[in-house]
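Notes to accompany the following structure.
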Amino acid sequence: MLFTCVLVLINISTVLFPSLFGILERFGITLFPKKALDYFKEAVDSVISMREGESNGTRPVDLLQLMLQAHNEELDKKGPNDVVKHGISSMEFKGNAIILWVVGYETTANTISLTAYNLAVNQEAQGKVHAEIDALLKKREKLDYDAVHDLPYLDMCISETLRMYPAATRFDRICKEDTEVKGLHIPAGMIVSVPVYAIHHDAELWPEPEKFKPERFTKEEKESRDPYAYLPFGAGPRICVGMRLAQLELKFALAKMLQKFRFVTCDKTVIPVRLQNTLGNQIEGGLFLKVEART
Ligand code: HEM
């Protein structure tokens, strides 16, 4: 109990005073469970050793490979006053590999599950997606990269799911200089938290916010809304770098499944679905649905 209180205090303190991060790091204290961090570190190290064992011609050209190519060993030995202008250190590319894995995997996987849930509970909407996929497959032979961009109703269902269950319920910014916003003074250095979940469930912006209504995302509806009313991927220069990849993965995975199957609820489906009290879209107790083959 005491340990938990200390952790909570450390956590709050680092939000209020971000520079504490560096001090804690020097004492070997981390805010993330050590066991989980060690697991990710080991996994990334073993993929890197596998890559290093492969000959140049067989190495895939992916993000990890690009980061490995940008590795500059001089940076690993650099002292605080040395200036090294090019490349990234091994700490930087390993850290980035872990971050991309952590933020890119569960966000997308949970959004796929939650869209399937919304479609199972809203069979009319699922019928429209099925009709859209069937019509597309009459025009094109298969659901390839170009084809999935031609599924506007599925896209609307995914957007509505990300409104109801954003994968990041909040994101922060640090105010760089004293600012005035609608009469509110924000001093330089203050952390400003953007409450995405609350904005997405504000009944003034989104009437009947708890209802799944993909029609909120028609072209006309989108154009008539304040762009900051919908922030599933954040906004501005630090908007999610994986947004396009995530949107493609979401559409591909769902279109491929919906081409052959129908999602339906079963005895174990909890309606309404409950999210864990975290910053993400983790589902309390898991999500259970039945899958029926389409005839
Ligand atoms: C449904 C899927 C996803 C959602 C909803 C999501 C959402 C977000 C949000 C809200 C942010 C904060 C943006 C801001 O502060 O303005 C963010 C940042 C980020 N996301 Fe995603 N994300 C998803 C998938 C991915 C994927 C697939 C990757 C990479 C493979 C990724 C990589 C990142 C990174 C690296 C950042 C930090 C960007 C920065 O600070 O410059 N995300 N994401």
Side-chain angles (χ1 to χ4, degrees), residues 14-15 18 21 31-32 40 43-44 47 60-68 70 88 91-119 145 148-149 151 154-176 181 186 190-202 206 212 214 216-217 222 226-257 273 275-276 278-283 287:
T14 48
V15 170
F21 265 122
L31 294 183
F32 302 100
F40 282 110
V44 166
V47 175
V61 185
D62 58 14
L63 195 55
L64 181 68
Q65 198 54 43
L66 294 174
M67 288 198 290
L68 280 168
I88 53 175
M91 176 84 131
E92 281 167 337
F93 79 71
K94 285 181 192 177
N96 274 297
I98 294 175
I99 283 288
L100 288 169
W101 183 5
V102 173
V103 299
Y105 180 74
E106 211 189 6
T107 46
T108 315
N110 291 346
T111 306
I112 292 172
S113 305
L114 288 160
T115 310
Y117 161 83
N118 271 337
L119 294 176
Y145 179 86
V148 290
H149 287 99
L151 292 169
L154 175 61
D155 201 60
M156 286 157 62
C157 292
I158 295 171
S159 298
E160 175 66 342
T161 302
L162 280 166
R163 178 194 66 81
M164 295 172 80
Y165 313 115
T169 54
R170 200 193 82 190
F171 61 84
D172 302 328
R173 294 287 186 271
I174 299 176
C175 183
K176 290 300 235 188
V181 179
I186 306 172
M190 178 171 270
I191 294 180
V192 179
S193 196
V194 182
V196 180
Y197 187 92
I199 295 172
H200 285 189
H201 288 256
D202 181 337
W206 307 96
F212 176 71
R216 301 184 209 261
F217 289 90
K222 279 199 283 190
D226 184 326
Y228 293 104
Y230 185 62
L231 298 160
F233 292 100
R238 301 306 293 261
I239 196 168
C240 173
V241 282
M243 179 173 74
R244 299 269 173 238
L245 171 66
Q247 286 168 332
L248 186 65
E249 286 177 330
L250 292 169
K251 272 203 249 177
F252 245 125
L254 285 158
K256 286 275 181 194
M257 286 189 276
V273 69
L275 296 192
Q276 287 176 26
T278 59
L279 288 179
N281 58 355
Q282 288 92 355
I283 302 152
L287 183 78

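Because only heavy atoms are used, hydrogens play no part in the values below, and waters and symmetry mates are left out as well, while side chains stay in. Read the numbers this way: they start at 1 and go in the same order the structure lists the ligands and their atoms.
Within 6.0 Å of CD1 in Ile239 there are more than 12 heavy atoms belonging to other residues, nucleotides or ligands.
Within the 4.0 Å heavy-atom criterion, the part of Thr111 lying near ligand 1 is the side chain and not the backbone. At a heavy-atom cutoff of 4.0 Å, ligand 1 is contacted by both the backbone and the side chain of Phe233.
Note on ring orientation: taking the six-membered ring where Trp is involved, the planes of Tyr145 and His149 are perpendicular (angle over 60°, cut-offs 30° and 60°). Using cut-offs of 30° and 60° for the angle between ring planes, the Trp101 and Phe40 rings count as perpendicular.
Note that atom 28 (C) of ligand 1 has protein non-hydrogen atoms nearby, at separations under 4.0 angstrom.
The single protein non-hydrogen atom nearest to atom 22 (N) of ligand 1 is Cys240 SG, 3.1 Å, given as residue, atom name and distance. What sits closest to atom 33 (C) of ligand 1 on the protein, heavy atoms only, is Val103 CG2, 3.5 Å. Looking at atom 26 (C) of ligand 1, its nearest protein heavy atom turns out to be Gly104 CA, 3.4 Å. Among all non-hydrogen protein atoms, the one lying nearest atom 24 (C) of ligand 1 is Thr107 OG1, 3.5 Å.
Between Arg238 and ligand 1, at least one N/O pair is under 3.5 Å apart. Residue contacts with ligand 1: Ala235 is placed with a nitrogen or oxygen under 3.5 Å of a nitrogen or oxygen of the ligand (distance criterion only). Of the N or O atoms in Thr108, none lie within a sub-3.5 Å distance of an N or O in ligand 1.
The shortest heavy-atom distance from Arg173 to ligand 1 is under 4.0 Å.
Under the 3.5 Å distance criterion, the side-chain polar atoms of Asn110 are matched with a main-chain donor or acceptor of Asn281. Between the side chain of Tyr230 and the backbone N or O of Ser159 there is at least one donor-acceptor pair closer than 3.5 Å.
Atoms of ligand 1 lying under 4.0 Å from at least one heavy atom of Ala246, given by number and element, are 2 (C), 24 (C). Applying the 4.0 Å criterion to heavy atoms of Gly234 picks out, from ligand 1, the atoms 10 (C), 13 (C), 14 (C), 16 (O). Within ligand 1, the atoms closer than 4.0 Å to a non-hydrogen atom of Ala167 are 5 (C), numbered from 1 in the order shown. Counting the atoms of ligand 1 from 1 in the order shown, those under 4.0 Å from a heavy atom of Val241 are 32 (C), 33 (C), 34 (C), 35 (C).
A heavy-atom distance below 4.5 Å is not found between the side chains of Tyr117 and Thr161. Looking at Thr115 and Leu250, their side chains never come closer than 4.5 Å, going by heavy atoms from C-beta outward.
Within the 6.0 Å centre-distance limit, the rings of Trp206 and Phe217 are counted as a close aromatic pair.
The distance from the OH atom of Tyr197 to the CG atom of Asp202 is 12.5 Å, given to the nearest 0.5 Å. Note that the CD atom of Gln282 and the OG1 atom of Thr107 stand 9.5 Å from one another [nearest 0.5 Å].
For atom 7 (C) of ligand 1, the nearest non-hydrogen atom from the set Pro166, Ala168, Pro232 belongs to Pro232.
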